[in-house]
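One structure is given below, encoded as structure tokens.
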Amino acid sequence: MSVSVHGFFGGMPLADHKAMAMQRPTQSIPVPEALYLPLKGHRHQPLDLHQITDHLAVSVGQQLAAGQTLTRGMGDAHPRLHAPVAGTFLGIVSRPALKDMGHDVPCLHIQTDRTQAPKKLPDDYPPNTPLPEITPDELMDHLQRMGIVGLGGAQFPTSEKMRQASGGIDTVILNGVECEPYIACDEALMRHRPGTIVLGGRLLAKALGAKRLIVAVEDPLKDSHGSVSDGFLACIQPHPLDPALDIEFIEVPSIYPQGAERQLIKTLTNQEVPFDGLPKDIGVICLNVATAASVADAVIENTPLTHRLVSITGPGIQNPCNVYAPIGTPVTDLIHQAGGFNCPESEIDLIIGGPVSGHTVSDQRSPIDKGSLCILALTRADRPNSVGSMPCINCGFCVSVCPAQLLPQTLFKLASQGAHEKAHQMGMMDCIECGLCAEVCPSHLPLLDWYRHSKDQLRALDMDQRRQALAKERFEARNRRLEQRQAEREARRQARRARLEANSSAQSEIEAAIARARQKKEGES
Amino acid sequence: MIPSVLILTLLTVSVVALILWVSRRWGANDDSVVEQIDALLPQTQCAQCGYPGCRPYAEAIASGEADINQCPPGGQAGVDALADLLGKESKPLNEEHGSHKPPVVALIDEDRCIGCTLCIQACPVDAILGAQKMMHTVLASECTGCELCIAPCPVDCIDLVPAQRPMIHPKPMSIDIRVQA
Amino acid sequence: MDWVFILISAALVNNFVLIKFLGLCPFMGVSSNIESAIGMSLATAFVLTLASVASHMISVHVLIPLELTYLSTVAFIVIIAGLVQLTELFMRHGAPLLHRVLGIYLPLITSNCAVLGVALLNQQQTHSLIESALYGFGAALGFGVVLIALAAGRERLALADVPDAFKGAPIGLVTAGLMALAFMGFTGFAKL
Amino acid sequence: MIGQRATLPHRPARRNVSQVMGQVLIALLPAIAVHAWLFGWGIFIQLALAIGFALSFEAVMLQLRQRPVGVYLKDLSAVVAAVLFALSIPPLAPWWVSGVGMFFAIIIAKQLYGGIGHNLFNPAMVGFAAVIIAFPLALTQWVIPRTLAQTVPDWNTTWVAILQGPQALGGTMDAISQATPLDQLRTGRLDGQTLSEIGIDPMFGLFGASGWEWLALAYLIGGLYLIGQRIITWHVPLAVLLGTIVITLPGWLMDPDLFRSPLQQLAAGSLVMCAFFIATDPVSGSSTPKGKIIFSIGVVVLTLVIRAWGGFPDGVAFAVLLMNMFVPLIDRYTVPRIFGHPKHKRDETRSVR
């Protein structure tokens, strides 16, 4: 049955500048001198060093083959890491984190031998490659072993996502909607390997028992050599691949932030993911197209997730392009590969991610990780030449564009005054950090920065409250234990006094004690 | 003149009688207030406020016996929250009871620990693992940093380590552009 | 039909706080946050309505037949004090936290000029029982609505960039002044 | 530079506050033109006075509050308040009327609350309300519109009236000035005349108020321009205009003698100006979509009540101030449903996900 496209509240079309990165063919970068694989766990449970050292599968100074497993045994939460290229392992070193300015992250340092040829973007599988027979559990374990995580940016382990969602899924959505300007890495992948993406989608759908597989793409993706949709239609239409599975290819209107998971699900299924729930609660699972491609590679070719497509683009880059780079490549090598900056570095603002919701890159030496979509270099000309921010005039432009249907100006007032609890009651945690409110704000207020700060404060507050509740519980349990012991001792003392006064005199007590002692001695001898 | 005095006394007596009857029938109950005060306290059970735990301190505040700024781990934010709850004016933290330090966690120096279990008995939240003459260690996730275990330790092998805090996205510069006078 | 007029006239046209300027001390004191403002308006509504009914009955059945009208102020104060004690007891039983937050402003209702004002005005304008009840309730409604509106406004002002000299009570008084200016729109209602 | 944290968004700046206010001023130009055509030079002098007072008061206060005077003056919000105020007072009102008006509007209603973005009440309306109470007589002496008197006072009578006040003109002032149609209706009602008796007077023209309907039309054009420029959304103006028609139509159909026709309500007073320029003031208006509707309906109802029974001819200013008073309360209880939340009220204590 065809899927009608419903809109979502708010959002705004933005000029997408994608052609800038797509004008050159996808390149692969010569093997950089050193790789630093970041070990940061999911953003809010930072790994501490003890956890890492006892899960290392290699020792310092050991020679590594390409694709060799580096860490193991950390369960679903932290999928394994693999060596992208052959080289020697030089232990754990800390490098500046890419997104969190001023913080460092522990990385596995690999000294690469530069003689080997760089790995190219593998080409597409023919559409009719047979699906290998694999049970859902086998698939999930295999994905965890192959280190597959969400490549859309959140880096959520795919195996854990599938395990949480097992049973109760009827639609799998492959999210090819790259709604943020300048970012074109997914588009390059969709142009080059549509068959692989559909194959990965079918594998996931079969494992999850889904009846429908939807590939969603933005509608304007047309350029000289045919549109993305022709590639997909070519490998879906000719022959029904899978009678049980109904595969559809949908072009959604390109309104930012259409690519956000909740907004895309609302557009395709007209259902809203509950605020305290996951897409699986409404029988949907949404994965990035790059994740689907890496699932197909992992199952068919047995290759771990070691490389990813990154767009190196922006007006400040000499010749912007998409690069198929190994995980852990420092940003300097990527920029060098794209021809460096075309104006003095003091003019450049380097950003990881898109211009609307990206993070400032603190230090060029920091390595990219599995969730880095785009390195963007903006020049002073693109920066708002505003005189700085004016107070909020409550004009309501941001209320009309906010896709989460919040009141950004009220949240801003509360967050900037530090009233994070009240902001939480006004829905601060429902903000999807798309950055549209800051985009349309006539006072140029740094709204997204404030919301990210407030959300982190709320997460820290929540962590503290949970620890406090635990401490209170343990304190009361300890008090109960002490009182109980006190009461028992008291009861024993009472009983002894009662016995002494009530019937026999102290004498019989002593004789009974002597008899007991003699009996014990005979027992031993 | 007489009837006016009579009327007034009659009126006052009847009103007083009504109040006495009502007050005996519906006594005051204060425990829900203690509950809410206790929820605001940081539960470190560190007794720096002069009371053997957070709950007793909450009862003292409810009965008016203790002041709202005697809890150093709660810091000034804690005092403001209590003032906000009770509708009082906020006060600066009373430094006598100790100053507000960033959250800390106890750490036992394993070479010097002699396994005397004195710190285990002293710990209000049972965050120290160990047995007689066995190695002791502190569970970092359970420890509230109340520093009660430092005093009883005969070999003084426990020191305080800053607790692991999650990363917070830095605050953007404030919005009001003040003229540098 | 004139019942509605009494209610509207007491609540809006000659509002006790913004036109007659009665009951200003709790108006400024309790309006710093909304919960205490709502609590205060409920308590005042309870006391006001009952006080106007009780004072009407006392004055019609006791004071006027015995020509003791010179006693009315004292008698009314005794009734109001009693009612305030009752409210305090109910509140300490029902909402102990609200009782603690209102603190001194609850017993202060006794000396609230709006409450005594209603009782005396009822007597002066010789309202019937129903009219005095409506008048009391209207006055309480007017007092409550304006108090809660000011509390919401002041909570928002706490986040505003008010010059330091005007932070807190001064800006609250300026807001109350502008509210009185707005209520001037109701003056001159032809019939009332 | 790299390493130095650039604040988001890394995007070319879209329109800023002064451009938004500039658009509002452009939308007011047709009204100023029609005002000048109807009542002569007075409006230009009033505009100059009001803007002069507004900017000087704002500059003084910004200096006192140690804020960068240049930046805040350029945001034109004081100019918009001054223009709206000048358009709502009689053209020949003496200069101290706009002086007092601007003092209340800029210093008390805006700067004391923290400057742009923080004021609780609409500055222009606070100024107008203060002035109409302080100088009741001066506020009733409007010039006879050109459609009735075929001529408008020339330059020097206007100049003398404004500089030295109406008594300097002596007799000629009564010849050229007259009360507004709304004022006439009110005094007629007080003397017990029915609407049809009052209506015979030529000043009521075709439908409501001769001359004034062109001014209402000019505001309508300006307002549609603003909606076209997406500065304001259509919700508030439509709610105000539709509300007026819906409330007054049944009364008028039932008894044209007692209730005025909706067209007269819109044409005579400044309800159309209020719909597009005053009720849509972003700062003092409600910020939630539902709240905006409640705010507009409230303004319409209160305006009509004050016009029907109140003591002032046109109750728009007081209606807006009264509704401004309740905006923080309205905002608190009309928070829109958040994406993914159930329809009924969110529970306050949900955990952080």
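Sequence lines set the chain letters: A, B, ... in the order given, protein chains first and strands last, and positions in each chain run from 1. Predicted, not measured: the structure shown is a model, and the values here were computed from it.
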Which one of C:L97, C:L83, C:V78, C:L71 has the most heavy-atom pairs closer than 4.5 Å to chain B? C:L97
Checking heavy-atom separations under 4.5 Å from chain B, one finds in residues 53-67 of chain C C:I58, C:V62, C:L66
Residues from residues 105-140 of chain C approaching chain B under 4.5 Å (heavy atoms): none
Which residues share a salt bridge (Lys or Arg N to Asp or Glu O under 4.0 Å) with B:R55, sequence neighbours left out: B:E35, B:E59
B:M134 CE: over 12 foreign heavy atoms closer than 6.0 Å: no
Tell me, for B:L8 versus chain C, whether the close heavy atoms (under 4.5 Å) come from the side chain, the backbone, both or neither. side chain
Checking heavy atoms, do the side chain of B:L85, its backbone, both or neither come under 4.5 Å from chain C? both
Do any of residues 12-21 of chain B come closer than 4.5 Å to chain C, heavy atom to heavy atom, and if so which ones, in number order? B:T12, B:V15, B:L18, B:I19
